[in-house]
Amino acid sequence: MTHKYRLLQISISLILIISGFILARHFILVRAELDNTVNIAEIQKAQQELTELENERDKIELEYQIMRKELSDLWHEVIADDETQEVDILNSLEDTRKKAGLTDVKGHGLVLTINDKEGYDPYEDPIESLIHDQNIIYLIDLLADNGAQAISVNDLRVVNSSKIFCIGTTILCNKQRMSPPYIIKVIGPQEQMKIALDADPVYSKLQEAPYLVRFSYQMIPDLIIKAYETPGTIEKDIEFLNPVTESIN
Amino acid sequence: MRIKNLIGKYGVVTIIAIILGIALALQIKTTNVSAYESRDIIELQNNVRSYAEKNAELNERNASLYEEIEKLREDQAKGDIYYEDILQEKEKMAIFAGLTAVQNSGIVINMGMTGQSMISDSYLRLIVNELNTLGAQAISINDQRKVATTEIRATSENIIINGVGYPRNEDFVIKAIINPDQQASAIITLETLKKSIQDREDADHQLDMSIAAEDKVIIPALSEDSIVYKTDLLRPVDDD
């Protein structure tokens, strides 16, 4: 009887120890959940701010387009048709702006989507499963080599002063942080660019195991690529460039 | 009495087991709650900050354009149009577009491979991109001005830049105009990059690279009819 009683005592003690452990762990997890609730509130707040900023951006861009057209119309209004020299300068300015990537453009092209490996695990997957600045630069170069005339990455126009580089887990383009998926829009000879992409060994390899980078493209007629978004910074972008006045031999 | 004792003993165990079961169930439920990682929040907050900064820049751009329109309206009302404004704007745009030769102090890099090895286009891209990141405002490779649609692609024998081929077994000269105050630190960064490239190669195929600051660096213009300036496939958006 004493033996049975002792056995029961030991069993109860063991059960109590286990339940104490589980209760303590449960308490810790409940606290963590409370922290997560705070995190979710912060995330919701940040997401709301981002949506507001995106709406504000659309409004600013629309205003800019209207004013840009207004200025162009105004110049054509003040310059008389017979002032051919001035009209030529104005047309030449428009052409230079187009070459520099400062106008919205439209044409047949491709939309490429690149993304990290789905469910990337930093402990299991190779680093190549993540999209880096060099992957994007490589693609831009490949497209340029195949006749691309206008390129944007996540709707940021690639111009002469564009810098594309990694900061931590994100990539910067035109001083703007970008997160995957990266959408590259390109206007150029569609068929030639398509053939080049299909034949590219680097991206073929990256799509295979173990990298499994997600990559796809679509051919789009009348694709619109937006102008460089901050022409106001051009003065800074060319701050140290002095025009060469003497002839270069 | 015996039955009472038994109920008393096993009743306690039963209650404890029930509590244990509830605690276990609760724990499983808690661990299933999808937890956002702090990394996600930081990334999102960084995006918000970056977006807000860019919006501020865009607002400044709009304000400056508005002033330009107002000034032109005033000039028009006075009958006093300054064509100089368009000329200045055109000069500025031509510099930005790479249509004007430019000069200043800068960095000159000579790079090639030791022995009979051919240089890889990825090395040139790495250096050019690093110069871009370091704030270079104009870059040339073998006197070909680098613009947004400049390609740097290797064929078996050549590297093609702006549609022109350069033999891969010869040296390449990269020139860059960069903020004079940042040239010294830029050279240190480039030396580090050079070392990391050299570490990847074996002793027989080494990158030979020299980096120097120069007082006068000239970056030529790109001709308007260059292949990289072709815009025949681009139509204005309001052209419908």
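Keep in mind it's a predicted model, so treat the numbers as computed, not measured. Chain letters run A, B, ... following the sequence lines, proteins first, then strands; residues in each count from 1.
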Side chain / backbone / both / neither for [X] at chain A, heavy atoms under 4.5 Å:
| X | result |
| --- | --- |
| T150(B) | backbone |
| R49(B) | neither |
| T100(B) | side chain |
| R125(B) | side chain |
| D232(B) | both |
| N129(B) | side chain |

Can you check whether [Y]'s main-chain N or O pairs, donor with acceptor, with [X]'s side chain at less than 3.5 Å?
| X | Y | answer |
| --- | --- | --- |
| N160(A) | V147(B) | no |
| K54(B) | N174(A) | yes |
| K98(A) | L234(B) | yes |
| N104(B) | F240(A) | yes |

Per-pair distances, 0.1 Å, donor-acceptor, side chain in residues 49-56 of chain A, under 3.5 Å, sequence neighbours excluded:
{"unit_1": "T51(A)", "atom_1": "OG1", "unit_2": "Q47(A)", "atom_2": "O", "d": "2.8"}
{"unit_1": "N55(A)", "atom_1": "ND2", "unit_2": "T51(A)", "atom_2": "O", "d": "3.4"}

(message) How about CD on E70(B), more than 12 heavy atoms from neighbouring residues, nucleotides or ligands closer than 6.0 Å, or not?
(response) yes
(request) Please say whether more than 12 non-hydrogen atoms of neighbouring residues, nucleotides or ligands are located less than 6.0 Å from CG in L87(B). (result) yes
Taking side chain as C-beta onward, heavy atoms only, is [X] less than 4.5 Å from [Y]?
| X | Y | value |
| --- | --- | --- |
| E224(B) | D95(A) | yes |
| P243(A) | E91(B) | no |
| T96(A) | L99(B) | yes |
| L134(B) | K163(A) | no |
| P236(B) | T103(A) | no |
| N132(B) | F165(A) | no |
| L65(B) | Y64(A) | yes |

Distance from [X] atom [atom1] to [Y] atom [atom2], nearest 0.5 Å?
| X | Y | atom1 | atom2 | answer |
| --- | --- | --- | --- | --- |
| D121(B) | D141(A) | CG | CG | 7.5 Å |
| E235(A) | F96(B) | CD | CZ | 10.5 Å |
| E89(B) | L90(A) | CD | CG | 10.5 Å |
| K71(B) | L71(A) | NZ | CG | 11.0 Å |
| T149(B) | L143(A) | OG1 | CG | 11.5 Å |
| I60(A) | N55(B) | CD1 | CG | 4.0 Å |

Counting heavy-atom pairs under 4.5 Å to chain B, which of [options] comes out on top?
| options | value |
| --- | --- |
| A150(A), S92(A), G147(A) | S92(A) |
| L241(A), D104(A), L93(A) | L241(A) |
| V105(A), D145(A), I140(A) | D145(A) |
| I151(A), I164(A), D133(A), V159(A) | V159(A) |

Give the member of [options] that has the highest number of heavy-atom pairs under 4.5 Å with chain A.
| options | value |
| --- | --- |
| T231(B), N162(B), I227(B), N59(B) | T231(B) |
| N179(B), N47(B), D75(B) | N179(B) |
| K90(B), K230(B), Q137(B), E53(B) | Q137(B) |
| I139(B), I177(B), L72(B) | L72(B) |

What part of [X] is in contact with chain B, defined as an atom under 4.5 angstrom from a non-hydrogen atom: side chain, backbone, both or neither?
| X | answer |
| --- | --- |
| E239(A) | both |
| I225(A) | neither |
| I18(A) | both |
| K45(A) | neither |
| I238(A) | both |

(request) Salt-bridge test for E68(B) and R68(A): reply yes if a basic N is under 4.0 Å from a carboxylate O, no otherwise. (result) no
(request) Test the R57(A)-Y51(B) pair against the cation-pi criterion, namely NZ or CZ under 6.0 angstrom from the six-membered ring centroid and within 45° of the ring axis. (result) yes
(request) Taking side chain to side chain contact (heavy atoms under 4.5 Å, CB included) as the test, write out the residues that go with H132(A), two or more places apart. (result) I127(A), L130(A), N135(A), C166(A)
(request) Determine the minimum heavy-atom distance between Q176(A) and S50(B), stating which atoms define it. (result) NE2-OG, 3.4 Å
(request) Using distance alone, with no hydrogens and no angle criterion, decide if N146(A) and E151(B) have a side-chain donor and acceptor under 3.5 Å apart. (result) no
(request) Check step by step if side chain to side chain contact (heavy atoms under 4.5 Å, CB included) holds for Q134(A) and L126(B). (result) CA-CA 8 Å; Q134(A) 287 303 320; L126(B) 266 176; 3.8 Å; yes
(request) Decide side chain to side chain contact (heavy atoms under 4.5 Å, CB included) for Q76(B) and E77(A); before the verdict, give the C-alpha distance in whole Å, the side-chain angles of both, and the deciding distance to 0.1 Å. (result) CA-CA 9 Å; Q76(B) 186 188 23; E77(A) 196 183 307; 3.0 Å; yes
(request) With side chain to side chain contact (heavy atoms under 4.5 Å, CB included) as the test, would you mind laying out the steps for L233(B) and H108(A) before giving the verdict? (result) CA-CA 8 Å; L233(B) 301 174; H108(A) 300 324; over 6 Å; no
